[in-house]
Amino acid sequence: MHRLAFLLATAIATAAIAGPLTPPAGPPAPTNKTLQQVEPRTPVANTSTTIIIDQPGSYDLTDDITSDADGIRILTDGVTLDLNGFAVIGGPDSPSSDTGIDIRTNFEPRPVIVRNEAVVGFTDEGVLANSSDNTVQINTVHVRACGIGFRVFGAAILKDCTARACDGDGFETASLFQTTFNRCHALNNTGDGFRALSTATLTSCTARRNANGFNLGEVMVAAHCAATDNTLSGYVTGKGATLTACVARDNGGGGLVAGEACVFRDCLARANTLDGFLVGAGSSIDACTATTNGEDGFALGFDCRISNSSAEGNGSAGSDFAGIRGNSDCTIDHNTATDNPTGMIAGGGALLIRNTAAGNTTAYDTAGARFGLVITPGAGFSEPNSFANIAY
């Protein structure tokens with residue numbers, strides 16, 4: 001009896017929760033709001049004067065915009081501007097100073113978002129973001145044939161953007177605030193591809209056929225970036241930069257040229273005209289490769305450390321170059337140098353241990369250095385000293 005009562009009570013409760021099984025009369029009616037109701041959008045049409053956006057909200061381009069002055073000015077925060085597949089174009093009578101999209105926001109914590117298509121042919125900046133500490137988000141915007149592609153003053157996030165064939169830098173930032181570049185690309189610009197004079201983080205970005213590929217300030221972070229075929233150097237950094245899994249290839253200057261106390265991990269410098277890596281005092285290099293660069297593969301400042309790295313076929317510009325060139329008090333540990341004029345040059349007071357050199361004109365130059373044994377393995381080779389350097 002207790003079980004029967006329990007089952008009956010459960011069935012009643014379930015029915016009460018489930019509600020009636022008979023649907024209401026008539027066809028089903030929509031209950032969701034339209035996109036316009038959820039996010040009202042203001043259309044932006046072509047006009048002969050500069051378009052001014054001074055109220056928060058969402059705005060959509062409905063056609064290409066051609067302007068002989070600034071294209072669009074955003075003078076407030078809390079704006080989303082969707083270019084909607086259209087372009088903002090500088091007209092044939094543009095003055096000597098005009099900007100495609102000029103963003104000037106307040107200190108309110110509401111971001112400005114610009115996305116989806118192109119800015120072309122303005123004599124000053126394609127996109128100018130002067131936003132203090134209010135983050136500007138620029139997504140999938142492509143700037144071509146402007147004075148400077150993107151110029152950022154203030155906190156900003158740029159994602160999937162391109163700067164191409166500009167007369168100055170592709171991307172330029174100068175601010176005390178953080179700027180983030182993700183999957184951005186600089187191509188065929190007269191100035192540097194990326195010129196970041198403030199704190200910035202770059203991920204999966206590329207710079208090709210610019211002056212310098214990446215010209216970065218102090219305390220910069222770059223990962224999985226590539227600099228190729230630039231007229232000058234692939235990367236130039238201030239002190240304290242960190243580069244991980246970055247590539248510098250076929251640049252007209254050095255591959256990776258860095259200031260003091262920088263860190264390089266898993267980076268590649270290949271076929272650059274000058275040094276593959278040229279790094280300042282106190283820097284650290286781990287698991288990197290320098291191959292077929294014109295001068296030194298790795299050229300180290302004072303008190304540097306290089307480990308687990310490989311230098312192959314560098315020094316085609318002259319017999320004075322080396323796979324790894326140490327300096328005073330450097331540590332050169334567990335590296336390989338092959339087919340360079342000199343495999344490794346230690347430098348005064350340096351420590352040279354556990355390295356391998358093969359096929360170089362001179363294996364090691366250890367003058368003034370502290371070093372482990374330098375041995376050439378032969379038949380029946382057995383050497384118990386794990387700090388020995390091998391030449392063969």
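- D296 contributes a side-chain N or O that, together with a main-chain N or O of A322, makes up a donor-acceptor pair within less than 3.5 Å.
- Residues C246 and F264 have side chains not in contact (no heavy-atom distance under 4.5 Å, counting atoms from C-beta outward).
- Atom CZ of F302 has 12 or fewer neighbouring heavy atoms from other residues, nucleotides or ligands inside a 6.0 Å radius.
- With hydrogens and angles ignored, the 3.5 Å screen pairs no side-chain donor or acceptor of Y392 with any backbone N or O of T356.
- Within the 4.5 Å cutoff, side-chain heavy atoms of I65 are placed close to those of V44.
- Placement of V112 and Y59 within a single hydrophobic cluster is found when ILVMFWY residues are connected by side-chain heavy-atom separations under 4.5 Å, directly or transitively.
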* **side chain to side chain contact (heavy atoms under 4.5 Å, CB included) assessment of L216 paired with L202** => CA-CA 10 Å; L216 310 178; L202 302 97; 4.0 Å; yes
What side-chain donor-acceptor pairs closer than 3.5 Å can you find for residues 276-291, not counting sequence neighbours?
residue, atom, partner, partner atom, Å
S283, OG, G259, O, 3.4
S283, OG, A261, N, 3.4
S283, OG, C262, N, 3.0
S283, OG, G280, O, 2.9
D286, OD1, S307, OG, 2.9
D286, OD1, N308, ND2, 2.9
T291, OG1, E312, O, 3.3
T291, OG1, E312, OE1, 2.6

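- At distances below 3.5 Å, not a single donor-acceptor pair connects side-chain atoms of T362 with backbone N or O atoms of Y364.
- Side-chain atoms of D64 come within 3.5 Å of backbone N or O of A87 as a donor-acceptor pair.
- Cluster membership check: V136 shares its hydrophobic cluster with I51, using side-chain heavy-atom separations under 4.5 Å among Ile, Leu, Val, Met, Phe, Trp and Tyr.
- Taking CZ of R183 as the start and SG of C225 as the end, the distance is 12.0 Å to the nearest 0.5 Å.
- N230 has its side chain out of reach of L232: every pair of non-hydrogen atoms, C-beta onward, lies at least 4.5 Å apart.
- Just one residue in the list I353, L351, T331 forms a side chain to side chain contact (heavy atoms under 4.5 Å, CB included) with R370, and that residue is L351.
- Between the side chain of N293 and the backbone N or O of T273, no donor-acceptor pair lies under 3.5 Å.
- Atom CG in D266 sits 9.0 Å away from atom OG in S309 (nearest 0.5 Å).
- Taken from OG1 in T179 to CD in E172, the straight-line distance is 11.0 Å, to the nearest 0.5 Å.
- The two residues C146 and G121 make their nearest non-hydrogen contact at SG-N, 3.5 Å.
- The backbone N or O of E295 sits nowhere less than 3.5 Å from a side-chain atom of D275 that would complete a donor-acceptor pair.
- Residue I148 holds its CD1 atom at 15.0 Å from CZ of F122, rounded to the nearest 0.5 Å.
- N215 places no side-chain N or O within 3.5 Å of a backbone atom of D192 that could act as its donor or acceptor partner.
- Counting non-hydrogen atoms of neighbouring residues, nucleotides and ligands closer than 6.0 angstrom, the CZ atom of R164 reaches no more than 12 such neighbours.
- In terms of heavy-atom proximity, C330 sits nearest to G301 at SG-O, 3.0 Å.
- One side chain, T201 or Q178, offers a donor N or O that lies under 3.5 Å from an acceptor on the other.
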* Asked: Could you go step by step and tell me if T199 and M220 meet the side chain to side chain contact (heavy atoms under 4.5 Å, CB included) rule?
  -> CA-CA 6 Å; T199 302; M220 310 299 297; 5.7 Å; no
* Please assess L61 against V88 for the test side chain to side chain contact (heavy atoms under 4.5 Å, CB included), listing each intermediate value before the final yes or no. => CA-CA 9 Å; L61 261 64; V88 182; 4.2 Å; yes
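- Counting only distance, with no hydrogens or angles, the side chain of N272 and the backbone of N251 share a donor-acceptor pair below 3.5 Å.
- Between F181 and T203, every side-chain heavy-atom pair lies at or beyond the 4.5 Å cut-off.
- Of the inter-residue distances, the one linking R265 atom CZ with L243 atom CG reads 10.5 Å to the nearest 0.5 angstrom.
- In this structure, the side chain of N210 engages the main chain of N189 through a donor-acceptor pair within 3.5 Å.
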* **Verdict with supporting geometry, V257 and Y235, side chain to side chain contact (heavy atoms under 4.5 Å, CB included)** => CA-CA 6 Å; V257 181; Y235 302 78; over 6 Å; no
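- With respect to I101, the side chain to side chain contact (heavy atoms under 4.5 Å, CB included) criterion is satisfied by exactly one of L128, I138, D70, L83: L83.
- Using a 4.5 Å heavy-atom threshold, the side chains of V143 and T162 count as separate.
- A donor and an acceptor atom, one from each side chain of N84 and D60, are nowhere located under 3.5 Å apart.
- Of all heavy-atom pairs between F171 and C161, the closest is CZ-O, 3.8 Å.
- Taking each heavy atom of Q55 and V79 in turn, the nearest pair found is O-CG2, 3.8 Å.
- With hydrophobic clusters built from ILVMFWY side chains whose heavy atoms lie under 4.5 angstrom apart, L352 shares a cluster with I306.
- Between P377 and I390, some side-chain heavy-atom pair lies under the 4.5 Å cut-off.
- In this structure, the side chain of T105 does not engage the main chain of D77 through any donor-acceptor pair within 3.5 Å.
- At a threshold of 4.5 Å between side-chain heavy atoms, the hydrophobic network of Ile, Leu, Val, Met, Phe, Trp and Tyr places I157 and V127 in two separate groups.
- Rounding to the nearest 0.5 Å gives a distance of 8.5 Å between CD1 of I89 and CZ of R144.
- The minimum heavy-atom distance between L158 and V152, with the atom names listed, is CD1-CG2, 4.1 Å.
- For the pair D333 and R305, the salt-bridge criterion is met [side-chain N within less than 4.0 Å of a carboxylate O].
- Contact between A363 and A391 at its shortest, heavy atoms only, is CB-CB, 3.8 Å.
- Two residues are said to be in side-chain contact when any heavy atoms from C-beta on lie closer than 4.5 Å; F387 and N385 meet this criterion.
- Residues N389 and I375 have side chains not in contact (no heavy-atom distance under 4.5 Å, counting atoms from C-beta outward).
- Heavy atoms from other residues, nucleotides or ligands lying under 6.0 Å from CZ of R354 number more than 12.
- A continuous path of Ile, Leu, Val, Met, Phe, Trp and Tyr side chains, each step under 4.5 Å between heavy atoms, connects V114 with F86, placing both in one hydrophobic cluster.
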